[in-house]
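Counting starts at 1 for both ligands and their atoms, following the listed order. When reading the values below, keep in mind they use all heavy atoms of this one structure, side chains included, and skip hydrogens, waters and symmetry mates.
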Amino acid sequence: MAPEVIFPLVDKRVWVAGHRGMVGSAIVRRLQWEGCEVLTVGRSDLDLRRQGPTEQWIAEYRPDAIVLAAARVGGILVNDQRPADFLHDNLVIQTNVLEAAYRVGTSRVLVLGSSCIYPRSAPQPIVEEALLTGPLEATNAWYAVAKIAGIKLAQAYRRQHGCDFISAMPTNLYGPGDNFDLETSHVLPALIRKAHEARVTGAPALTIWGTGSPRREFLHVEDCADALVHLLKVYAGEMHINVGSGDDLTIRDLADLVCDVVGYRGPILCDARKPDGTPRKLMSADRIRAMGWRPTIPLREGIVSTYQWFLSHAL
Ligand code: GFB
C-alpha cells in the first residue's frame with residue numbers, strides 16, 4: 001500500500017543545499033519530477049560555515065523545505081587526516097542551517113548523515129536504535145560525531161520548538177558526480193580509477209588498501225535521491241531513518257567486480273599498511289521499506305553506468 005503523502009512537493013520551494021555534490025546533484029535531478037521549484041546557491045555566493053550570510057540567504061529566499069546535502073565528505077584516509085575539517089565544517093553547516101530554518105519558519109528540513117554514526121561493533125544489520133550504544137570506529141569518529149550532532153539537532157528543534165526536521169542515514173554511496181581522486185575518495189570510485197588505469201597502462205597488478213576483508217554496503221546515488229525525496233514527502237518523526245540497499249560484500253569481492261566491469265584481468269594485491277576501518281556496517285532497511293521504498297539499481301549495473309560516467313567526465 002502506498003504511504004500517505006504528508007508533505008506534497010508540488011509548487012513548493014525546495015532548497016537543495018550542496019547541489020554540486022554527488023548526492024545534492026542527484027536530489028536536484030530527482031526533484032524535477034515533483035513539480036516543485038528547486039532553489040540552489042553556489043559555494044562562492046554563500047559559505048554555509050558563516051552564520052550571518054546563511055541566515056540572510058534563507059530569510060531572503062524563504063524555502064518551504066530544505067534538503068541539507070552540503071557536507072565535508074571523503075574516504076577513510078582523508079577522514080583520518082583532517083579531523084578538524086570534518087568535525088568543524090559539518091557541525092557549523094548543520095548548526096547554521098537548522099537555526100536559520102527555525103528562525104525563518106521553514107516547514108521541513110531533511111538532514112543527511114551516514115552509516116558511520118553507528119558503533120563499530122553494532123549488531124548487524126544495524127537498526128536505528130543502535131545509535132550511541134557503543135564506541136565509534138576510530139578512522140571516522142570526527143565525521144561521525146558531527147553527523148550524530150546533526151541528528152540530535154534535528155530532534156532537539158522538533159522537541160523544543162515543534163520544527164518538522166527529520167534526518168536520514170545513507171549507506172556508502174556511489175554514482176555519477178563522485179570524487180575519483182585516489183587520496184580523498186571512497187573505495188568504489190577509487191577502484192574504478194585504479195582498474196581503468198591498470199588496464200590502459202597494462203599494469204602487472206592492482207593494489208587495494210587494507211586486507212580486503214571488511215564488508216561494505218553500497219547504494220547508487222539515484223536510488224538514494226529517490227529514497228530521500230520519498231522521506232521528505234511521507235515521513236515525520238524524531239527517529240533518523242537508514243537508507244541502504246540491504247546487501248553488502250567484501251572489499252575484495254568489490255574489487256573483483258569492478259575489475260570485471262572495467263576489463264582489468266591482472267592480480268589484486270592488498271596493502272595492509274593502509275587502514276581497514278570498520279569491519280562491517282550493513283544497515284537494516286526495515287523502516288524505510290515499511291514506508292514503501294526499495295532500491296532499483298543492482299550493484300553491477302550501477303558500476304557499469306558509473307564507469308561510463310567516469311570515462312566521459314572524470315578523466
Ligand atoms: O570507502 P572508504 O574510503 O570508507 O573505504 P569507509 C572502505 C574500505 O575500502 C576500507 C578499503 O576498508 C578501505 O581500506 N579500500 C580498499 C579503499 N582500497 C581502497 C582505495 O583505493 N580507496 C579507499 N578509499 N578505500 C567512510 C568514512 O568509511 O565511509 C566516512 O570514512 C563515511 O566517514 C563514508 O562514513 C561513507 O566505508 O571505511
Hey, do the aromatic rings of His220 and Tyr174 have their centres closer than 6.0 Å? yes
Polar side chain donor-acceptor pair, Asp226 to Trp293, under 3.5 angstrom: yes
Restricting to heavy atoms, the pick from Trp209, Trp142, Phe218 nearest atom 23 (C) of ligand 1 would be Trp209
Between Asn140 (side chain) and Tyr143 (backbone), is there a donor-acceptor pair under 3.5 Å? no
Compare Val187, Asp276, Ile268 and give the one whose heavy atom is closest to atom 10 (C) of ligand 1. Asp276
If we only count N/O pairs under 3.5 Å, is Ala190 in contact with ligand 1? no
Just checking, is any N or O donor in the side chain of Asp164 or Ser107 under 3.5 Å from an acceptor N or O on the other one? no
Below 3.5 Å, N or O to N or O, backbone or side chain included: is there any such pair between Pro214 and ligand 1? no
Measuring from non-hydrogen atoms of Glu137 to any atom of ligand 1, is the shortest distance under 4.0 Å? no
Residue portion contacting ligand 1 (non-hydrogen atoms closer than 4.0 Å) for Arg216: side chain
If you count the atoms of ligand 1 from 1 in the order shown, which ones are under 4.0 Å from a heavy atom of Gly75? 3 (O), 31 (O)
Is Tyr143 in polar range of ligand 1, meaning some N or O pair under 3.5 Å apart? no
Within a reach of under 6.0 Å around CH2 of Trp57, are more than 12 heavy atoms found that belong to other residues, nucleotides or ligands? yes
Contact atoms of ligand 1, heavy-atom distance to Pro275 under 4.0 Å: 13 (C), 14 (O)
What atoms in ligand 1 come closer than 4.0 Å to a heavy atom of Cys116? 33 (O), 35 (O)
Do any nitrogen or oxygen atoms of Lys194 come within less than 3.5 Å of a nitrogen or oxygen of ligand 1? yes
Quick test of your reading of the structure: of Asp181, Asn79, Leu173, whose heavy atom lies closest to atom 30 (C) of ligand 1? Asn79
Within-4.5 Å side-chain heavy-atom neighbours: Arg43 and Arg20: no
Please identify each residue that fulfils salt bridge (charged side-chain N to carboxylate O under 4.0 Å, His left out) with Arg49, with sequence neighbours left out. Asp47, Asp89
